[in-house]
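To start, the structure under review is shown below, and the notes come after it.
As the structure lists them, so they are numbered: ligands from 1, and atoms in each ligand from 1.
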Amino acid sequence: MTTRSLTVAAAQLGPVPKSASRPDTLARLIKLLEAAATEGAQLVVFPEAALTPFFPHWLVDDDNELLSYYEQSLPSPDTRELFDAARELRVAFVLGYAERTDDDRYFNTAALVDETGDVIHRYRKIHLPGFQSVQDGAPFQNLEKRYFEVGDLGFGVQSWRNTTIGLAICNDRRWAETYRVLALKGAELVCLGYNTPASTPHLTESNDLTDFQNHLSMQAGAYQNSMWVVGTAKAGIEEGVAQIGGSVIIAPSGEIIATARTLGDELVTAEIDLDMVMRYRRDVFNFEQHRRPEHYKSITEPHPRGNTR
Ligand code: ING
């Protein structure tokens, strides 16, 4: 029996400066897409906020500037060329971008676009880190709670070719529920992008562990849910904020099978065996045979002694 293999690529981006025009940035994405197609990739995963600088890192007090960071449709005139290139190359892709809906709601969104250029699935980021208001004295901000609403689509999955894909975005990858909900819905491959500062002003204790905790989160999620995970960074120093790279392709075993080595535009490609998902779900994380949610009692019941002594 032939194994179900798929060639995937993490298309890591270096910084996208405020000074870059959309066509300039789109040209970088198209170049990565073409390189991925040359390497036989069938699915390319771009980072979170791939089309713009990660603008939650500062207070945008000019409304026109703020609105300029959102896409009102996908494809939009600014992204049409990427969709055309994908259709010509017959490569599917995941694109992270800031979404403005027709009724003026704002989300941190990722879209799955198939090899014909159709948007077949969309996810809106649920775990928004950071703050609603400016943190005085901080060298940079995280104002995602100011610029985005909490995603209202839940964690959905999408059948594509002979597999099932789930999407997540950045901070979602740190939460166990992200992977578990997607796995319970049948996802075999989770695609996510991230913009992660190498050091975060209000998280000083973990700042030496940023790279470790980046991979730890995704490796744990992949292993504990028997899923492939592709995590793609927007890396490098973007508008003064040093962001980590470390884009990866992680197997259901939890092993990192490919990783980025630079902080710039870099393609990380691998052929993955989708049937490894089924083997781990048969032998180790067999939810039906071994998982006992009915015995966990209510997960909201506080411990009688309370969880802080
Ligand atoms: N960025 C960061 C992330 O979750 C962060 C915020 C950094 C949270 C370090 C915790 C620790 O990777 C986004 N955009 O979510």
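- Between Phe140 and His57, the ring planes are perpendicular. Angles over 60° get that label, and only those under 30° would be called parallel.
- Among the candidates Phe54, Phe55, Tyr106, the single residue satisfying the ring-ring contact (aromatic ring centres under 6.0 Å, His included) test with Tyr147 is Phe55.
- With salt bridges taken as basic N to acidic carboxylate O contacts below 4.0 Å, none links Glu149 and Arg124.
- Looking at Glu71 and Arg22, a side-chain N of the basic residue comes within less than 4.0 Å of a carboxylate O on the acidic one, giving a salt bridge.
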For ligand 1, run through the N/O pairs with the protein that fall under 3.5 Å and put one pair on each line.
residue  : atom   : partner : partner atom : Å
ligand 1 : 1 (N)  : Asn195  : O            : 3.0
ligand 1 : 4 (O)  : Asn171  : ND2          : 2.7
ligand 1 : 4 (O)  : Arg174  : NE           : 2.9
ligand 1 : 12 (O) : Arg173  : NH1          : 3.1
ligand 1 : 12 (O) : Arg173  : NH2          : 3.3
ligand 1 : 12 (O) : Arg174  : NE           : 3.4
ligand 1 : 12 (O) : Arg174  : NH2          : 2.9
ligand 1 : 12 (O) : Thr196  : OG1          : 2.7
ligand 1 : 14 (N) : Glu48   : OE1          : 3.4
ligand 1 : 14 (N) : Lys125  : NZ           : 3.4
ligand 1 : 14 (N) : Glu144  : OE2          : 3.0
ligand 1 : 14 (N) : Asn195  : O            : 3.3
ligand 1 : 15 (O) : Lys125  : NZ           : 3.1
ligand 1 : 15 (O) : Asn171  : N            : 3.3

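- Using a 30° and 60° split on the angle between ring planes, Phe285 and Tyr223 fall in the perpendicular class, above 60°.
- Using modelled atom types, one finds no donor on one side chain facing an acceptor on the other under 3.5 Å when comparing Tyr97 with Asn108.
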